[in-house]
Amino acid sequence: MVVTRRRTFSALLICARFGQKCLSWTTSSRSAVRFESRNVRSSHTSLSAGDIREKLRAFPGGSIDLKKRESGMAVITINNPARMNAFSGSMMLELEERVHELETWSEGKGVIVQGAAGTFCSGSDLNAVRAISNPQDGMKMCEFMQTTLTRLLRLPLISVALVEGKALGGGAELTTACDFRLMTSCGVIQFVHKQMGLVPGWGGASRLVHIVGSQNSLKLLAGAKKVDPEFGKQIGLVDEVLHCTSGERNTLDQGEQWLSQFIKGPEAVIRAVKRVVLSGRELPLEEALTAERNVFGTVWGGPANLEALALKTKHK
Ligand SMILES: CCCC(=O)SCCNC(=O)CCNC(=O)[C@H](O)C(C)(C)COP(=O)(O)OP(=O)(O)OC[C@H]1O[C@@H](n2cnc3c(N)ncnc32)[C@H](O)[C@@H]1OP(=O)(O)O
C-alpha cells in the first residue's frame, strides 16, 4: 500500500492525540515505514517478513534481554559475548519482540541499549550473513531490521545507546536508532560497511545524516573512519563521554545517572516531550505544529500541570 507522507504521518497525529492508542495502532498494524523518493510507503512487515523470519530462526545464538524497572527506566542488553555481541538471526527476532514489549509499556520513560561483557555490538553475525548473502534475502533482512530500529527510535521513551567497547557495522547503525549516544573513553563507533563491500542497510546511513550531516556522514561511511569519543563529540554523534571503568555495572550506573536527569517527573510529560521532538524530527513543519498542538492538549490541564499551578512553582 503506497500512501502519501501526509497519510502516514496522520498516524503520528493519532499517536499525539490519543497517546496510548497510538501504541496499539503501531503494534497491531506492524507498520513498516519506508521512504521512496518523496513518498512514504507504509507496508506490513509480513509482506516479506514471513520467510525471512524462518531464515533468521535458523541462525540461533545469544539473546536480547530486557529489564523494566519501576523507575520507568528499561535496559536492553545485546547479549552474545562469544561473538562480540554480533546479531544472530534469533537475536534480530528477539529485538523486535523486546521493542514490542516497550511499545506496550505505558509506565516507561526511558530505555538504555547496551552490550554485554564490556563491548557494544559487532553488527550482524557473519555466519548468518554468509548464509543469506543473496540480494533478495539481504534486502528482506534489512527491511526487517529497518522496521524494528525505526520502531525503537519512535518509542515514546527517551533512548540512549551506551557504547562501551566496539560498535561496528550494524552495531554502529544501532547506536543511531537511539535519541542519545553515550560512550566510554575507550569506546569506538565504526561504520565498517565499506570494508565489507557494503553500505549500511539497517537505516543507519539515513539516520546518521540527520545526526551529523551529509559531510560528516560521507567521511564516516566512505572512510570507514573510527569514531573515538573526542571526534564523536566534535561532530555531534556522541552526547557524553563516560569514564572507562572495569565492570559493566559501573558503566551502566553512569548511563542510568545521565539518563535520569531527563526522565525525572511524571511519565505523561516525559512521553509528551518525546512525542513533540519526534514529530519535529520527522514531519514537515505544518504537520509537526499540528502534532505539537495535539500533544500539548494531552498535558494542558493535566495532573502535573495543575499541581505546578497550585504550588505556584517558581523557576529560579
Ligand atoms: C547491515 C549490517 C552489516 C554488518 O553488520 S556486517 C558485520 C560487521 N562486523 C564485522 O565485520 C566485525 C568483524 N569482527 C571483527 O572485526 C573483530 O572480531 C572485532 C569485533 C574487532 C573483535 O576483535 P578481537 O577483540 O580481536 O576479537 P576476535 O576477533 O577474536 O573476536 C572474538 C570472537 O567473536 C567473533 N566475532 C566478532 N564479530 C563477529 C561477527 N560480526 N559475526 C560473527 N562472529 C564475530 C570472532 O569471530 C571471534 O570468534 P572465535 O573466537 O574466532 O570463534
Side-chain angles (χ1 to χ4, degrees), residues 26-27 30-36 40-66 76-80 83-103 111 113-115 120-155 159 161 163 167-178 181 189-193 196-211 221:
T26 310
T27 51
R30 291 201 177 269
S31 175
V33 178
R34 203 168 68 223
F35 289 83
E36 273 188 2
V40 175
R41 173 170 288 196
S42 178
S43 62
H44 291 265
T45 47
S46 55
L47 278 180
S48 58
D51 51 339
I52 198 64
R53 277 202 172 86
E54 279 311 303
K55 291 193 175 160
L56 294 176
R57 226 167 261 128
F59 295 95
S63 62
I64 304 293
D65 308 328
L66 173 64
I76 289 180
T77 305
I78 317 297
N79 189 0
N80 191 6
R83 292 185 175 170
M84 304 294 281
N85 300 329
F87 264 89
S88 66
S90 61
M91 287 166 72
M92 293 183 194
L93 297 170
E94 276 188 38
L95 181 67
E96 187 198 34
E97 287 167 21
R98 302 295 165 258
V99 168
H100 174 64
E101 277 181 61
L102 291 175
E103 283 169 341
V111 58
V113 180
Q114 65 164 6
F120 188 73
C121 170
S122 64
S124 51
D125 183 330
L126 293 170
N127 302 303
V129 168
R130 276 180 209 107
I132 56 164
S133 61
N134 66 82
Q136 289 79 13
D137 283 342
M139 283 174 69
K140 285 178 191 168
M141 183 271 286
C142 271
E143 185 179 1
F144 184 85
M145 286 302 283
Q146 278 183 1
T147 304
T148 303
L149 295 183
T150 301
R151 286 168 61 187
L152 172 64
L153 187 58
R154 288 182 178 165
L155 285 172
S159 54
V163 182
L168 304 183
E173 295 193 60
L174 173 60
T175 70
T176 65
C178 292
R181 280 147 296 281
I189 298 176
Q190 190 180 9
F191 293 82
V192 296
H193 305 73
M196 303 295 294
L198 293 172
V199 293
W202 294 358
S206 310
R207 292 186 297 268
L208 187 66
V209 171
H210 281 271
I211 299 167
L221 300 182

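Both backbone and side-chain heavy atoms feed into the values below; hydrogens, waters and symmetry mates do not. Predicted model only: the values in this text are computed from it and were never measured.
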Which residues satisfy the side chain to side chain contact (heavy atoms under 4.5 Å, CB included) test with [X], sequence neighbours excluded?
X	result
Val199	none
Ala167	Phe120, Val163, Thr175, Ile189
Ser206	none
Ser159	Val111, Cys178, Asp179, Lys274

Fill in: Non-hydrogen atoms of Gly61 and Ser88 that approach each other most closely
O-OG, 2.5 Å

Worksheet, complete the sentence: Tightest non-hydrogen contact, residues Gly169 and Val192, listed as N-CG2, 3.6 Å

What pairs with [X] under side-chain hydrogen bond (donor to acceptor under 3.5 Å, both in side chains), at least two apart in sequence or on another chain?
X	result
Thr148	none
Ser124	none
Gln136	none
Asn80	none

Fill in: Worked check of side-chain contact (heavy atoms from CB on, under 4.5 Å) between Leu56 and Phe144
CA-CA 10 Å; Leu56 294 176; Phe144 184 85; 4.0 Å; yes

Worksheet item: Would you call Glu143 and Lys140 a salt bridge, using N to O less than 4.0 angstrom?
Response: no

Worksheet entry | Heavy-atom check, side chain of Glu173 versus side chain of His193, under 4.5 Å | yes

Discussion item. Would Ile211 and Arg181 count as a side-chain contact (heavy atoms from CB on, under 4.5 Å) here? Give the steps.
Written reply: CA-CA 11 Å; Ile211 299 167; Arg181 280 147 296 281; 3.6 Å; yes

Between [atom1] of [X] and [atom2] of [Y], what distance do you get to the nearest 0.5 Å?
X	Y	atom1	atom2	result
Arg98	His100	CZ	NE2	11.0 Å
Ile52	Glu54	CD1	CD	10.5 Å
Asn79	Ile64	CG	CD1	8.0 Å
Arg151	Glu96	CZ	CD	5.0 Å
Leu208	Phe191	CG	CZ	4.5 Å
Leu149	Trp202	CG	CH2	7.0 Å

Fill in: Side-chain donor-acceptor contact under 3.5 Å, Ser63 with Asp65
yes

Item to complete: Would you mind listing every salt bridge (Lys or Arg N to Asp or Glu O under 4.0 Å) that reaches into residues 200-210, with sequence neighbours excluded?
Response: none

Worksheet entry | Chi angles and distances behind the side-chain contact (heavy atoms from CB on, under 4.5 Å) call for Met91, Arg83 | CA-CA 12 Å; Met91 287 166 72; Arg83 292 185 175 170; over 6 Å; no

Item to complete: Would you please name every residue forming a salt bridge (charged side-chain N to carboxylate O under 4.0 Å, His left out) with Glu97, sequence neighbours left out?
Response: none

